[in-house]
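Read through the structure below, which is laid out as structure tokens, and then see the notes.
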Amino acid sequence: MEKYEKMNKMRAKAAQYKRVAAYCRVSTDSLDQANSLESQRAYFEQYIQKIPKWQLHEIFADKGISGTSTKKRKDFNRMISAAVSGDFDLILTKEISRFARNTLDSIQYTRELKKHGIGVIFLNDNINTLDADAELRLTIMASIAQEESRKTSERVKWGQKRQMEKGVVFGRSMLGYDVRNGKMHINEEGASIIRLIFDMYINKGMGCHAIARTLSQERYTTITGRKEWSHTTIHKILRNEKYCGDLVQKKTFTPDYLTHDKKQNQGEEEFIIIKDHHAPIISREAFQKAEDMLNRHRRSRH
């Protein structure tokens, strides 16, 4: 009963607002989540219609985007810009974890909005950022949400590592291999180009620039569909252990669960290495010969 009385008081206090926006977010593109997004839209529409003095401005929604950072949330950023421009007076969202799981983001954006006289109501958390004690309560609740996000990130990383140790491939298809259901399957069209590249380098004495130029002239297609090859692409192919059947994972890692920015693994985390993991395109002897030639070339340049 007390909860509903508080919600009624919140509604009455906020009734002065006329133009109301709402924000909702789901973290994946799955069908269930898409349905959830539509449910959230319907919820806000009905909620706002019940208050006579409120007028729905727009429902902003992001899908398939993580909540730990606001950088990639297009509709969220568009909403903030519109709010600062004075397009509406109030933002509704279900809970802090839908708005931002990053405590700093939560405080930063609600402060900025408050400067422009715009409040944010977190319905499930019973917080109206225009209240005197709102920032303290918001900080506590946002910190709890952020800690839950950290724990979730750790659980996901742990699960992925166990899967990697079992040989499940976490990565995209590449020239010569299609990745399907965590397994690598030879794509013969691409594999023929890989064999040609190694042959030109090992047996014909052609350098990476010359190989790239030849493939471009003969209109061979890269994995991205382009017909222009670069020497760096050739170099990466010659260095890629997958072509001799080995699998090395965790070449990159995410040091900060809040930003999701990937970083090259320079030994900060343990690599997952499985030899003879899948069918090779290049023999181990040929791959090792290319490695030795590349290393000699690198030493001769220094």
Side-chain angles (χ1 to χ4, degrees), residues 2-27 37-63 65-149 258-259:
E2 185 179 350
K3 176 183 177 182
Y4 293 109
E5 287 178 357
K6 285 184 177 179
M7 289 184 70
N8 287 334
K9 287 180 182 178
M10 185 186 294
R11 282 187 175 187
K13 188 173 183 178
Q16 60 183 302
Y17 296 105
K18 294 182 180 180
R19 300 164 302 165
V20 183
Y23 179 73
C24 48
R25 176 185 61 80
V26 295
S27 56
L37 194 59
E38 289 308 309
S39 297
Q40 289 183 57
R41 286 178 182 273
Y43 171 85
F44 284 121
E45 288 174 358
Q46 293 170 10
Y47 190 98
I48 292 168
Q49 284 173 2
K50 290 178 181 177
I51 302 178
K53 291 185 179 181
W54 283 10
Q55 178 183 354
L56 175 61
H57 172 78
E58 183 178 351
I59 296 177
F60 298 86
D62 286 306
K63 61 180 179 178
I65 303 294
S66 168
T68 50
S69 174
T70 58
K71 288 181 181 179
K72 296 179 181 179
R73 289 200 261 157
K74 291 182 180 179
D75 248 29
F76 180 88
N77 292 319
R78 189 168 64 84
M79 176 183 70
I80 298 298
S81 296
V84 171
S85 298
D87 292 356
F88 50 85
D89 311 296
L90 178 70
I91 297 171
L92 293 185
T93 189
K94 269 197 168 184
E95 55 194 356
I96 294 169
S97 62
R98 297 292 92 190
F99 190 75
R101 289 184 184 173
N102 181 325
T103 304
L104 185 61
D105 280 350
S106 298
I107 301 301
Q108 175 188 333
Y109 283 107
T110 54
R111 276 181 181 174
E112 180 66 22
L113 291 167
K114 191 174 181 179
K115 284 180 185 177
H116 293 82
I118 298 157
V120 180
I121 292 180
F122 301 94
L123 297 173
N124 291 359
D125 301 302
N126 194 29
I127 295 175
N128 182 340
T129 58
L130 296 181
D131 290 343
D133 64 342
E135 186 164 311
L136 173 61
R137 293 167 60 207
L138 180 63
T139 300
I140 295 169
M141 297 298 292
S143 296
I144 293 170
Q146 182 171 319
E147 177 61 14
E148 181 57 34
S149 180
L258 294 174
T259 64

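Quick note: residue numbers are just sequence positions, from 1.
- The CD atom of Gln46 sits 11.0 Å away from the CD1 atom of Ile48 when rounded to the nearest 0.5 Å.
- The backbone N or O of Gly86 lies less than 3.5 Å from a partner atom in the side chain of Arg19, making a donor-acceptor pair.
- Between Thr110 and Leu138, the closest side-chain pair of non-hydrogen atoms falls below 4.5 Å.
- Sorted by first and then second residue, the salt bridge (Lys or Arg N to Asp or Glu O under 4.0 Å) pairs involving residues 76-88 (not counting sequence neighbours) are Glu58-Arg78, Asp75-Arg78.
- Side-chain contact between Glu135 and Thr129 is absent, with no heavy-atom pair separated by less than 4.5 Å.
- Between Tyr47 and Val20, every side-chain heavy-atom pair lies at or beyond the 4.5 Å cut-off.
- For Glu95, the side chain to side chain donor-acceptor pair (under 3.5 Å) criterion is met by Ser97, not counting sequence neighbours.
- Between the CD1 atom of Ile91 and the CD1 atom of Ile121 there is a distance of 10.5 Å, given to the nearest 0.5 Å.
- Without hydrogens or angle criteria, Arg73 side chain to Phe99 main chain gives a donor-acceptor distance under 3.5 Å.
- The six-membered or imidazole ring of Tyr23 lies away from that of Phe44, with a centre-to-centre distance of 6.0 Å or more.
- Here the side chains of Phe122 and Met141 are not in contact, with every heavy-atom distance at 4.5 Å or above.
- At least one donor-acceptor pair under 3.5 Å links the side chain of Arg137 to the backbone N or O of Asn126.
- Side-chain atoms of Asn128 never come within 3.5 Å of backbone atoms of Gly119 as a donor-acceptor pair (strictly under, hydrogens ignored).
- Residue pairs satisfying the salt bridge (Lys or Arg N to Asp or Glu O under 4.0 Å) criterion with at least one member in residues 117-128, sequence neighbours excluded, are absent.
- Annotation: Tyr109 is in aromatic contact with Phe76 [ring centroid separation under 6.0 Å].
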